[in-house]
Amino acid sequence: MHEMALCEGIIQIVEEEARRQSFSRVKAVCVEIGALSHVAPDAIKFCFEAVAARTIAKGAVLEIVELPGAAWCMACSRSVEIKQRYEPCPSCGSYQLQVTAGEEMRVKELEVD
Amino acid sequence: MCTVCGCSEGTPATEGAKAQADHKHTHHDHAHHHHDHDHHHDHDHDHAGDGSHHHHGHGDHHHHDHDAHSHDHAHEDAGRVDCGANPAGLKIAGMSSERIVQVERDILGKNNAIAADNRARFLADDLLVFNLVSSPGAGKTSLLVRTVSDLKGSHAVGVIEGDQQTSNDAERIRATGVPAIQINTGKGCHLDAAMVSDAYRRLPSLKGGILFIENVGNLVCPAAFDLGEACKIVVFSTTEGEDKPLKYPDMFAASSLMLINKIDLAPVLDFDLAQTVEYARRVNPKIGVLTVSARTGEGLSAFYAWIRKQSAHLCRSGIEAKAT
(Lines give C-alpha, C1' and ligand atoms only; values in the text may rest on other atoms or scores of the structure.)
Protein backbone atom coordinates (compact mmCIF):
# COMPACT_ATOMS: atom_id res chain seq x y z
CA MET A 1 0.00 0.00 0.00
CA HIS A 2 2.23 2.80 -1.17
CA GLU A 3 -0.87 5.00 -0.92
CA MET A 4 -0.11 5.10 2.82
CA ALA A 5 3.31 6.59 2.09
CA LEU A 6 1.78 9.02 -0.40
CA CYS A 7 -0.78 10.13 2.20
CA GLU A 8 2.02 10.68 4.67
CA GLY A 9 3.64 12.84 2.00
CA ILE A 10 0.43 14.84 1.66
CA ILE A 11 0.18 15.38 5.41
CA GLN A 12 3.82 16.41 5.58
CA ILE A 13 3.21 19.04 2.92
CA VAL A 14 0.10 20.25 4.74
CA GLU A 15 1.99 20.58 8.03
CA GLU A 16 4.86 22.43 6.40
CA GLU A 17 2.44 24.82 4.71
CA ALA A 18 0.65 25.34 8.03
CA ARG A 19 3.88 26.62 9.55
CA ARG A 20 4.75 28.66 6.49
CA GLN A 21 1.35 30.17 5.81
CA SER A 22 0.09 30.30 9.41
CA PHE A 23 -3.10 28.33 9.65
CA SER A 24 -4.23 25.92 12.28
CA ARG A 25 -7.01 23.94 10.70
CA VAL A 26 -7.43 22.30 7.36
CA LYS A 27 -10.89 21.62 6.04
CA ALA A 28 -10.12 20.35 2.60
CA VAL A 29 -7.07 19.19 0.73
CA CYS A 30 -7.15 19.36 -3.05
CA VAL A 31 -4.83 16.99 -4.83
CA GLU A 32 -4.32 16.46 -8.52
CA ILE A 33 -3.81 12.86 -9.57
CA GLY A 34 -2.96 11.98 -13.13
CA ALA A 35 -4.69 9.09 -14.84
CA LEU A 36 -1.30 7.46 -15.50
CA SER A 37 0.17 8.12 -12.05
CA HIS A 38 1.03 5.46 -9.53
CA VAL A 39 -2.05 5.89 -7.42
CA ALA A 40 -5.61 4.71 -7.27
CA PRO A 41 -7.86 7.58 -6.13
CA ASP A 42 -10.08 5.27 -4.08
CA ALA A 43 -7.10 3.78 -2.24
CA ILE A 44 -5.67 7.18 -1.42
CA LYS A 45 -9.02 8.38 -0.07
CA PHE A 46 -9.18 5.29 2.10
CA CYS A 47 -5.70 5.88 3.51
CA PHE A 48 -6.01 9.62 3.90
CA GLU A 49 -8.54 9.54 6.70
CA ALA A 50 -6.38 7.14 8.71
CA VAL A 51 -3.18 9.08 8.16
CA ALA A 52 -4.83 12.47 8.80
CA ALA A 53 -6.17 11.49 12.23
CA ARG A 54 -4.26 13.24 15.02
CA THR A 55 -2.80 15.74 12.58
CA ILE A 56 -3.79 19.25 11.59
CA ALA A 57 -5.75 17.71 8.73
CA LYS A 58 -7.97 15.61 10.98
CA GLY A 59 -11.43 15.41 9.48
CA ALA A 60 -10.34 17.24 6.34
CA VAL A 61 -11.93 16.22 3.09
CA LEU A 62 -9.62 14.97 0.39
CA GLU A 63 -10.69 16.35 -2.96
CA ILE A 64 -9.19 14.52 -5.89
CA VAL A 65 -8.96 16.18 -9.26
CA GLU A 66 -8.20 13.54 -11.83
CA LEU A 67 -6.05 14.80 -14.66
CA PRO A 68 -6.22 13.15 -18.07
CA GLY A 69 -3.34 11.21 -19.58
CA ALA A 70 -1.76 12.42 -22.77
CA ALA A 71 0.95 11.10 -25.03
CA TRP A 72 2.83 12.13 -28.11
CA CYS A 73 2.15 9.67 -30.91
CA MET A 74 5.33 9.26 -32.92
CA ALA A 75 3.43 7.85 -35.86
CA CYS A 76 0.85 10.66 -36.02
CA SER A 77 3.25 13.35 -34.79
CA ARG A 78 0.61 14.78 -32.52
CA SER A 79 -0.62 14.69 -28.96
CA VAL A 80 -3.39 12.21 -28.12
CA GLU A 81 -5.36 11.40 -25.00
CA ILE A 82 -4.85 8.00 -23.38
CA LYS A 83 -6.52 6.49 -20.34
CA GLN A 84 -4.05 3.68 -19.65
CA ARG A 85 -0.40 3.12 -20.32
CA TYR A 86 -0.90 0.13 -22.57
CA GLU A 87 -3.43 1.82 -24.80
CA PRO A 88 -2.62 2.38 -28.45
CA CYS A 89 -2.97 5.73 -30.17
CA PRO A 90 -6.73 6.27 -30.53
CA SER A 91 -6.37 7.47 -34.08
CA CYS A 92 -3.70 5.25 -35.68
CA GLY A 93 -3.42 2.28 -33.32
CA SER A 94 0.34 2.61 -32.84
CA TYR A 95 1.95 1.86 -29.48
CA GLN A 96 4.82 4.23 -30.20
CA LEU A 97 3.63 6.69 -27.61
CA GLN A 98 5.60 9.00 -25.37
CA VAL A 99 3.62 9.92 -22.26
CA THR A 100 3.49 13.70 -21.85
CA ALA A 101 0.87 14.20 -19.13
CA GLY A 102 -1.10 12.24 -16.59
CA GLU A 103 1.69 11.27 -14.19
CA GLU A 104 0.97 14.12 -11.77
CA MET A 105 0.60 13.58 -8.03
CA ARG A 106 0.39 17.05 -6.57
CA VAL A 107 -1.12 18.88 -3.63
CA LYS A 108 -2.81 21.78 -5.39
CA GLU A 109 -4.47 23.85 -2.70
CA LEU A 110 -5.87 23.74 0.81
CA GLU A 111 -9.01 25.15 2.35
CA VAL A 112 -7.93 26.34 5.78
CA ASP A 113 -9.09 28.22 8.82
CA MET B 1 -29.05 8.63 -7.17
CA CYS B 2 -26.63 11.42 -7.66
CA THR B 3 -28.33 14.64 -6.65
CA VAL B 4 -26.16 16.73 -8.91
CA CYS B 5 -26.93 15.30 -12.27
CA GLY B 6 -29.50 12.63 -11.64
CA CYS B 7 -27.34 9.82 -12.83
CA SER B 8 -27.81 6.46 -11.22
CA GLU B 9 -24.42 6.20 -9.59
CA GLY B 10 -24.20 7.01 -5.97
CA THR B 11 -22.90 3.92 -4.32
CA PRO B 12 -19.25 2.92 -4.33
CA ALA B 13 -18.70 0.29 -6.98
CA THR B 14 -15.71 -1.67 -8.10
CA GLU B 15 -16.74 -2.61 -11.59
CA GLY B 16 -18.31 0.81 -12.03
CA ALA B 17 -15.12 2.62 -11.09
CA LYS B 18 -14.23 2.93 -14.72
CA ALA B 19 -17.62 4.29 -15.57
CA GLN B 20 -17.13 6.87 -12.90
CA ALA B 21 -13.80 7.83 -14.37
CA ASP B 22 -15.48 8.35 -17.70
CA HIS B 23 -18.26 10.28 -16.11
CA LYS B 24 -17.80 13.75 -17.45
CA HIS B 25 -19.65 15.79 -14.86
CA THR B 26 -16.64 15.98 -12.56
CA HIS B 27 -18.52 17.24 -9.61
CA HIS B 28 -17.13 17.02 -6.12
CA ASP B 29 -17.50 13.30 -6.06
CA HIS B 30 -16.12 12.91 -2.57
CA ALA B 31 -19.21 14.52 -1.24
CA HIS B 32 -21.89 13.30 -3.54
CA HIS B 33 -20.87 9.78 -4.20
CA HIS B 34 -19.22 8.78 -0.97
CA HIS B 35 -21.51 9.41 1.90
CA ASP B 36 -19.74 7.08 4.20
CA HIS B 37 -17.13 9.47 5.60
CA ASP B 38 -17.21 9.89 9.31
CA HIS B 39 -17.03 13.64 9.37
CA HIS B 40 -16.78 15.41 12.62
CA HIS B 41 -19.07 18.36 12.44
CA ASP B 42 -17.10 20.54 14.72
CA HIS B 43 -17.06 23.48 12.38
CA ASP B 44 -17.33 26.87 13.94
CA HIS B 45 -20.59 28.57 13.27
CA ASP B 46 -19.46 32.09 13.03
CA HIS B 47 -22.63 33.85 13.94
CA ALA B 48 -20.98 37.11 14.83
CA GLY B 49 -20.93 38.33 11.26
CA ASP B 50 -24.48 38.04 10.10
CA GLY B 51 -26.30 36.04 12.72
CA SER B 52 -27.66 33.66 10.17
CA HIS B 53 -27.27 30.07 11.25
CA HIS B 54 -27.65 28.91 7.70
CA HIS B 55 -24.27 30.14 6.73
CA HIS B 56 -21.70 27.86 8.16
CA GLY B 57 -18.33 28.08 6.61
CA HIS B 58 -19.02 27.59 2.99
CA GLY B 59 -16.90 24.44 2.77
CA ASP B 60 -19.15 22.74 5.22
CA HIS B 61 -21.95 22.54 2.78
CA HIS B 62 -20.00 19.99 0.90
CA HIS B 63 -19.59 17.78 3.88
CA HIS B 64 -22.94 17.06 5.40
CA ASP B 65 -26.63 16.61 4.80
CA HIS B 66 -26.06 15.37 1.32
CA ASP B 67 -29.48 13.92 0.97
CA ALA B 68 -31.22 17.05 2.13
CA HIS B 69 -29.43 19.57 -0.02
CA SER B 70 -29.59 19.61 -3.70
CA HIS B 71 -26.14 20.50 -4.83
CA ASP B 72 -27.02 22.61 -7.75
CA HIS B 73 -24.20 25.06 -7.40
CA ALA B 74 -22.22 25.83 -10.46
CA HIS B 75 -19.33 23.52 -11.01
CA GLU B 76 -16.42 25.07 -12.77
CA ASP B 77 -14.58 23.56 -15.65
CA ALA B 78 -13.49 19.95 -15.29
CA GLY B 79 -9.86 20.78 -14.66
CA ARG B 80 -10.54 22.75 -11.52
CA VAL B 81 -12.31 22.10 -8.30
CA ASP B 82 -13.01 25.16 -6.25
CA CYS B 83 -12.87 23.89 -2.71
CA GLY B 84 -14.12 27.20 -1.45
CA ALA B 85 -17.25 27.68 -3.52
CA ASN B 86 -20.42 27.87 -1.46
CA PRO B 87 -23.75 26.59 -2.73
CA ALA B 88 -25.01 29.99 -3.64
CA GLY B 89 -21.75 30.96 -5.25
CA LEU B 90 -21.62 34.03 -3.01
CA LYS B 91 -18.94 35.51 -0.88
CA ILE B 92 -20.25 36.46 2.53
CA ALA B 93 -18.40 39.37 4.02
CA GLY B 94 -16.99 38.99 7.52
CA MET B 95 -18.06 35.37 7.59
CA SER B 96 -14.96 33.54 8.64
CA SER B 97 -11.24 33.31 8.36
CA GLU B 98 -11.45 30.51 5.86
CA ARG B 99 -9.26 30.82 2.89
CA ILE B 100 -7.72 28.86 0.12
CA VAL B 101 -3.98 28.54 0.14
CA GLN B 102 -2.17 27.58 -3.01
CA VAL B 103 0.34 24.81 -2.56
CA GLU B 104 1.22 23.24 -5.92
CA ARG B 105 3.67 20.74 -4.47
CA ASP B 106 4.53 17.29 -5.67
CA ILE B 107 3.38 14.63 -3.19
CA LEU B 108 6.63 12.75 -3.75
CA GLY B 109 8.65 15.97 -3.57
CA LYS B 110 10.48 15.01 -0.40
CA ASN B 111 11.45 11.58 -1.68
CA ASN B 112 12.50 13.09 -5.00
CA ALA B 113 14.70 15.66 -3.26
CA ILE B 114 16.50 12.93 -1.28
CA ALA B 115 16.78 10.86 -4.47
CA ALA B 116 18.41 13.85 -6.19
CA ASP B 117 20.91 14.09 -3.30
CA ASN B 118 21.61 10.36 -3.63
CA ARG B 119 22.11 10.75 -7.36
CA ALA B 120 24.56 13.62 -6.84
CA ARG B 121 26.48 11.54 -4.30
CA PHE B 122 26.59 8.52 -6.61
CA LEU B 123 27.87 10.74 -9.41
CA ALA B 124 30.53 12.24 -7.13
CA ASP B 125 31.58 8.69 -6.24
CA ASP B 126 31.58 7.76 -9.91
CA LEU B 127 29.14 4.99 -9.07
CA LEU B 128 26.73 3.23 -11.38
CA VAL B 129 23.51 2.41 -9.54
CA PHE B 130 20.76 0.05 -10.65
CA ASN B 131 17.40 -0.41 -8.97
CA LEU B 132 16.22 -3.99 -9.53
CA VAL B 133 12.49 -4.49 -9.33
CA SER B 134 10.27 -7.51 -9.90
CA SER B 135 7.49 -9.52 -8.39
CA PRO B 136 8.54 -11.88 -5.59
CA GLY B 137 10.28 -14.98 -6.89
CA ALA B 138 11.35 -13.68 -10.29
CA GLY B 139 14.93 -14.44 -9.36
CA LYS B 140 16.43 -11.04 -8.51
CA THR B 141 18.64 -12.38 -5.75
CA SER B 142 19.86 -15.40 -7.69
CA LEU B 143 20.64 -13.14 -10.60
CA LEU B 144 22.51 -10.74 -8.34
CA VAL B 145 24.50 -13.49 -6.63
CA ARG B 146 25.71 -14.64 -10.01
CA THR B 147 26.25 -11.12 -11.36
CA VAL B 148 28.26 -9.79 -8.43
CA SER B 149 30.36 -12.97 -8.39
CA ASP B 150 31.19 -12.44 -12.05
CA LEU B 151 31.82 -8.69 -11.78
CA LYS B 152 33.62 -8.40 -8.45
CA GLY B 153 36.98 -9.19 -10.03
CA SER B 154 36.79 -6.21 -12.38
CA HIS B 155 34.65 -3.69 -10.45
CA ALA B 156 34.00 -2.53 -6.92
CA VAL B 157 30.53 -3.95 -6.33
CA GLY B 158 28.02 -3.54 -3.52
CA VAL B 159 24.41 -4.44 -2.90
CA ILE B 160 21.55 -2.90 -0.93
CA GLU B 161 18.85 -5.47 -0.26
CA GLY B 162 15.25 -4.55 0.47
CA ASP B 163 12.79 -6.99 2.01
CA GLN B 164 9.99 -6.70 4.49
CA GLN B 165 11.74 -9.10 6.84
CA THR B 166 14.87 -11.25 7.22
CA SER B 167 18.43 -10.63 6.13
CA ASN B 168 18.55 -13.82 4.08
CA ASP B 169 19.20 -12.00 0.81
CA ALA B 170 22.04 -9.86 2.16
CA GLU B 171 23.60 -12.99 3.62
CA ARG B 172 23.44 -14.70 0.22
CA ILE B 173 25.23 -11.73 -1.33
CA ARG B 174 27.81 -11.50 1.47
CA ALA B 175 28.60 -15.18 0.96
CA THR B 176 30.13 -14.16 -2.38
CA GLY B 177 32.48 -11.75 -0.62
CA VAL B 178 30.62 -8.69 -1.83
CA PRO B 179 29.44 -6.13 0.77
CA ALA B 180 25.68 -5.96 1.24
CA ILE B 181 23.36 -4.02 3.52
CA GLN B 182 19.90 -5.34 4.26
CA ILE B 183 17.01 -2.92 4.69
CA ASN B 184 13.94 -4.39 6.34
CA THR B 185 10.96 -2.26 5.47
CA GLY B 186 8.71 -3.91 8.08
CA LYS B 187 5.24 -3.25 6.79
CA GLY B 188 6.57 -1.12 3.95
CA CYS B 189 6.05 -2.27 0.41
CA HIS B 190 8.92 -0.43 -1.28
CA LEU B 191 12.29 1.17 -0.66
CA ASP B 192 12.42 4.95 -0.53
CA ALA B 193 15.28 7.34 -1.15
CA ALA B 194 15.93 8.00 2.55
CA MET B 195 16.38 4.27 3.26
CA VAL B 196 18.88 4.00 0.43
CA SER B 197 20.74 7.10 1.61
CA ASP B 198 21.08 5.56 5.05
CA ALA B 199 22.11 2.14 3.73
CA TYR B 200 24.67 3.64 1.34
CA ARG B 201 26.43 5.33 4.25
CA ARG B 202 26.92 1.92 5.83
CA LEU B 203 28.59 0.38 2.80
CA PRO B 204 32.35 0.54 2.32
CA SER B 205 33.58 2.82 -0.47
CA LEU B 206 32.56 1.60 -3.90
CA LYS B 207 34.13 4.47 -5.84
CA GLY B 208 34.13 3.89 -9.56
CA GLY B 209 32.10 0.72 -9.13
CA ILE B 210 28.56 -0.59 -9.30
CA LEU B 211 25.81 -0.58 -6.70
CA PHE B 212 22.83 -2.85 -7.14
CA ILE B 213 19.72 -2.05 -5.14
CA GLU B 214 17.36 -5.00 -4.90
CA ASN B 215 13.96 -3.52 -4.20
CA VAL B 216 11.15 -5.23 -2.31
CA GLY B 217 9.55 -7.91 -4.47
CA ASN B 218 6.51 -5.99 -5.64
CA LEU B 219 5.56 -4.93 -9.15
CA VAL B 220 3.43 -2.00 -8.03
CA CYS B 221 4.73 0.30 -5.32
CA PRO B 222 8.47 0.57 -6.08
CA ALA B 223 7.62 2.09 -9.47
CA ALA B 224 6.71 5.40 -7.86
CA PHE B 225 9.82 5.89 -5.75
CA ASP B 226 13.00 7.27 -7.25
CA LEU B 227 15.98 6.14 -5.22
CA GLY B 228 18.62 8.09 -7.13
CA GLU B 229 19.49 5.17 -9.41
CA ALA B 230 20.81 5.49 -12.94
CA CYS B 231 17.88 3.35 -14.04
CA LYS B 232 15.45 0.65 -13.02
CA ILE B 233 15.84 -2.89 -14.27
CA VAL B 234 12.70 -4.99 -14.16
CA VAL B 235 13.34 -8.70 -13.76
CA PHE B 236 10.58 -10.75 -15.31
CA SER B 237 10.63 -14.52 -15.27
CA THR B 238 9.30 -16.92 -17.85
CA THR B 239 7.07 -18.51 -15.19
CA GLU B 240 5.03 -15.34 -14.82
CA GLY B 241 2.80 -15.10 -17.86
CA GLU B 242 3.32 -13.00 -20.94
CA ASP B 243 0.78 -10.32 -20.13
CA LYS B 244 2.41 -9.13 -16.93
CA PRO B 245 3.66 -5.91 -18.56
CA LEU B 246 0.04 -5.06 -19.34
CA LYS B 247 -1.15 -5.99 -15.87
CA TYR B 248 1.52 -3.92 -14.12
CA PRO B 249 2.29 -1.25 -16.69
CA ASP B 250 3.72 1.36 -14.30
CA MET B 251 6.74 -0.75 -13.47
CA PHE B 252 7.52 -1.60 -17.08
CA ALA B 253 7.05 2.04 -18.03
CA ALA B 254 9.49 3.11 -15.31
CA SER B 255 12.21 0.60 -16.25
CA SER B 256 14.94 0.96 -18.85
CA LEU B 257 15.69 -2.73 -19.17
CA MET B 258 13.61 -5.87 -18.89
CA LEU B 259 15.67 -8.90 -17.95
CA ILE B 260 13.72 -12.02 -18.82
CA ASN B 261 15.04 -14.55 -16.34
CA LYS B 262 14.65 -18.34 -16.17
CA ILE B 263 14.91 -18.48 -19.96
CA ASP B 264 16.24 -22.02 -19.57
CA LEU B 265 12.71 -23.02 -18.52
CA ALA B 266 11.06 -21.46 -21.58
CA PRO B 267 10.76 -24.72 -23.56
CA VAL B 268 8.88 -26.57 -20.81
CA LEU B 269 6.60 -23.61 -20.15
CA ASP B 270 5.55 -22.84 -23.72
CA PHE B 271 6.70 -19.34 -22.93
CA ASP B 272 6.01 -16.86 -25.73
CA LEU B 273 8.97 -14.50 -25.76
CA ALA B 274 7.83 -12.42 -28.73
CA GLN B 275 4.43 -11.82 -27.13
CA THR B 276 6.03 -10.72 -23.86
CA VAL B 277 8.33 -8.28 -25.61
CA GLU B 278 5.45 -6.95 -27.68
CA TYR B 279 3.38 -6.30 -24.54
CA ALA B 280 6.30 -4.66 -22.75
CA ARG B 281 6.90 -2.34 -25.70
CA ARG B 282 3.24 -1.36 -25.81
CA VAL B 283 3.78 0.07 -22.37
CA ASN B 284 7.30 1.32 -22.95
CA PRO B 285 8.46 1.46 -26.58
CA LYS B 286 12.03 2.18 -25.48
CA ILE B 287 12.53 -0.64 -22.98
CA GLY B 288 15.60 -2.79 -23.59
CA VAL B 289 15.13 -6.56 -23.45
CA LEU B 290 17.63 -9.28 -22.59
CA THR B 291 17.00 -12.95 -21.89
CA VAL B 292 19.04 -14.57 -19.15
CA SER B 293 19.21 -17.54 -16.87
CA ALA B 294 20.70 -16.99 -13.44
CA ARG B 295 20.91 -20.76 -13.09
CA THR B 296 22.77 -21.65 -16.30
CA GLY B 297 24.43 -18.29 -16.94
CA GLU B 298 22.85 -18.04 -20.38
CA GLY B 299 22.67 -14.46 -21.65
CA LEU B 300 24.62 -12.96 -18.77
CA SER B 301 27.54 -11.79 -20.90
CA ALA B 302 25.09 -9.65 -22.87
CA PHE B 303 23.80 -8.24 -19.58
CA TYR B 304 27.34 -7.37 -18.48
CA ALA B 305 27.97 -5.72 -21.84
CA TRP B 306 24.81 -3.67 -21.28
CA ILE B 307 26.13 -2.65 -17.82
CA ARG B 308 29.45 -1.56 -19.36
CA LYS B 309 27.54 0.53 -21.87
CA GLN B 310 25.67 2.27 -19.03
CA SER B 311 29.01 2.79 -17.33
CA ALA B 312 30.35 4.64 -20.38
CA HIS B 313 27.16 6.67 -20.41
CA LEU B 314 27.63 7.55 -16.73
CA CYS B 315 31.18 8.66 -17.49
CA ARG B 316 29.87 11.02 -20.14
CA SER B 317 27.17 12.47 -17.91
CA GLY B 318 29.75 12.88 -15.14
CA ILE B 319 31.98 14.86 -17.48
CA GLU B 320 29.00 16.94 -18.57
CA ALA B 321 28.05 17.57 -14.94
CA LYS B 322 31.57 18.72 -14.13
CA ALA B 323 31.64 20.93 -17.20
CA THR B 324 28.50 22.80 -16.18
Side-chain angles (χ1 to χ4, degrees), chain A residues 1-7 9-10 12-14 16-17 20-21 23 25 27-33 35-42 44-45 49 58-59 61-68 74 83-88 94-99 103-113, chain B residues 12 17 21-22 26 28-31 34 37-40 42-44 57 59-60 62-63 78-81 83-84 96-111 187-190 192 220-225 245-246 249-250 252-254 278-279 281-286:
Chain A
M1 282 288 273
H2 65 295
E3 279 81 3
M4 263 336 236
L6 295 178
C7 283
I10 294 173
Q12 234 164 34
I13 289 172
V14 170
E16 282 169 21
E17 292 295 326
R20 221 162 56 84
Q21 306 204 43
F23 54 84
R25 194 166 155 243
K27 304 179 81 173
V29 178
C30 277
V31 298
E32 291 178 318
I33 303 290
L36 310 178
S37 72
H38 308 281
V39 58
D42 284 346
I44 206 158
K45 276 182 186 168
E49 206 171 305
K58 183 186 176 197
V61 172
L62 185 70
E63 307 238 15
I64 296 180
V65 181
E66 293 185 48
L67 302 179
M74 296 175 210
K83 293 190 173 67
Q84 308 273 4
R85 282 194 186 275
Y86 49 78
E87 273 184 7
S94 164
Y95 289 99
Q96 294 291 310
L97 300 177
Q98 186 77 46
V99 171
E103 296 182 300
E104 302 83 357
M105 293 193 282
R106 202 162 43 214
V107 179
K108 183 175 165 51
E109 57 190 23
L110 309 172
E111 184 185 338
V112 304
D113 248 343
Chain B
D22 294 337
T26 319
H28 301 252
D29 65 26
H30 71 93
H34 298 282
H37 297 294
D38 179 21
H39 291 300
H40 304 291
D42 55 350
H43 44 266
D44 297 337
D60 290 321
H62 296 300
H63 310 153
R80 203 178 101 80
V81 167
C83 304
S96 76
S97 58
E98 280 169 21
R99 61 197 164 106
I100 303 295
V101 300
Q102 296 299 318
V103 178
E104 300 288 354
R105 287 174 60 182
D106 195 325
I107 294 173
L108 284 172
K110 192 180 169 201
N111 182 75
K187 299 294 173 203
C189 50
H190 57 268
D192 64 34
V220 183
C221 311
F225 292 82
L246 299 186
D250 289 354
F252 291 84
E278 201 257 312
Y279 285 152
R281 294 217 163 119
R282 279 192 196 182
V283 173
N284 180 354
K286 290 196 279 193

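The CD1 atom of B:I100 lies 4.5 Å from the CD atom of A:E111; values are rounded to the nearest 0.5 Å. Within the model, atoms SG of B:C221 and CD of A:E3 stand 6.5 Å from one another, a figure rounded to the nearest 0.5 Å. In this structure, NZ on B:K286 lies 10.0 Å from CD on A:Q96, to the nearest 0.5 angstrom. A distance of 12.5 Å separates CZ in B:F252 from CZ in A:R85, rounded to the nearest 0.5 Å. If you take NZ on B:K110 and CD on A:E16, they are separated by 7.5 Å, rounding to the nearest 0.5 Å. We find the CD-CG distance between A:Q98 and B:N284 to be 8.5 Å, quoted to the nearest 0.5 Å.
Nearest heavy atom pair, residue B:D106 against residue A:M105, reads OD1-O, 3.0 Å. Across every non-hydrogen atom of A:I13 and B:V103, the tightest pair is CG2-CG1, 3.6 Å. Looking at every heavy atom in both residues, A:S37 comes nearest to B:D250 through O-OD2, 3.6 Å. Considering every non-hydrogen atom in both A:E17 and B:Q102, the closest pair reads OE1-O, 4.5 Å. Shortest non-hydrogen contact noted between A:A5 and B:F225 is CB-CZ, 4.0 Å. Taking all atoms of both residues into account, the shortest heavy-atom contact from A:H2 to B:C189 is N-SG, 3.4 Å.
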>> side chain to side chain contact (heavy atoms under 4.5 Å, CB included), that's the test. Do B:I107 and A:I33 meet it? Break it down for me.
In response: CA-CA 10 Å; B:I107 294 173; A:I33 303 290; 4.3 Å; yes

>> One pair to check against side chain to side chain contact (heavy atoms under 4.5 Å, CB included): B:E104 and A:K108. What are the steps and the verdict?
In response: CA-CA 4 Å; B:E104 300 288 354; A:K108 183 175 165 51; 3.4 Å; yes

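Annotation for A:Y86: atom OH does not count as buried by contact number, only 12 or fewer foreign heavy atoms lying within 6.0 Å.
With a threshold of 4.5 angstrom between heavy atoms, A:Q12 approaches chain B through side-chain atoms but not through N, CA, C or O. Heavy-atom distances place no part of A:E104 under 4.5 Å from chain B, backbone and side chain included. Proximity to chain A (any heavy atom under 4.5 Å) is shown, for B:K187, by neither the backbone nor the side chain. Neither the backbone nor the side chain of A:S94 comes within contact range of chain B; no heavy atom of the residue lies under 4.5 Å from a heavy atom of that chain.
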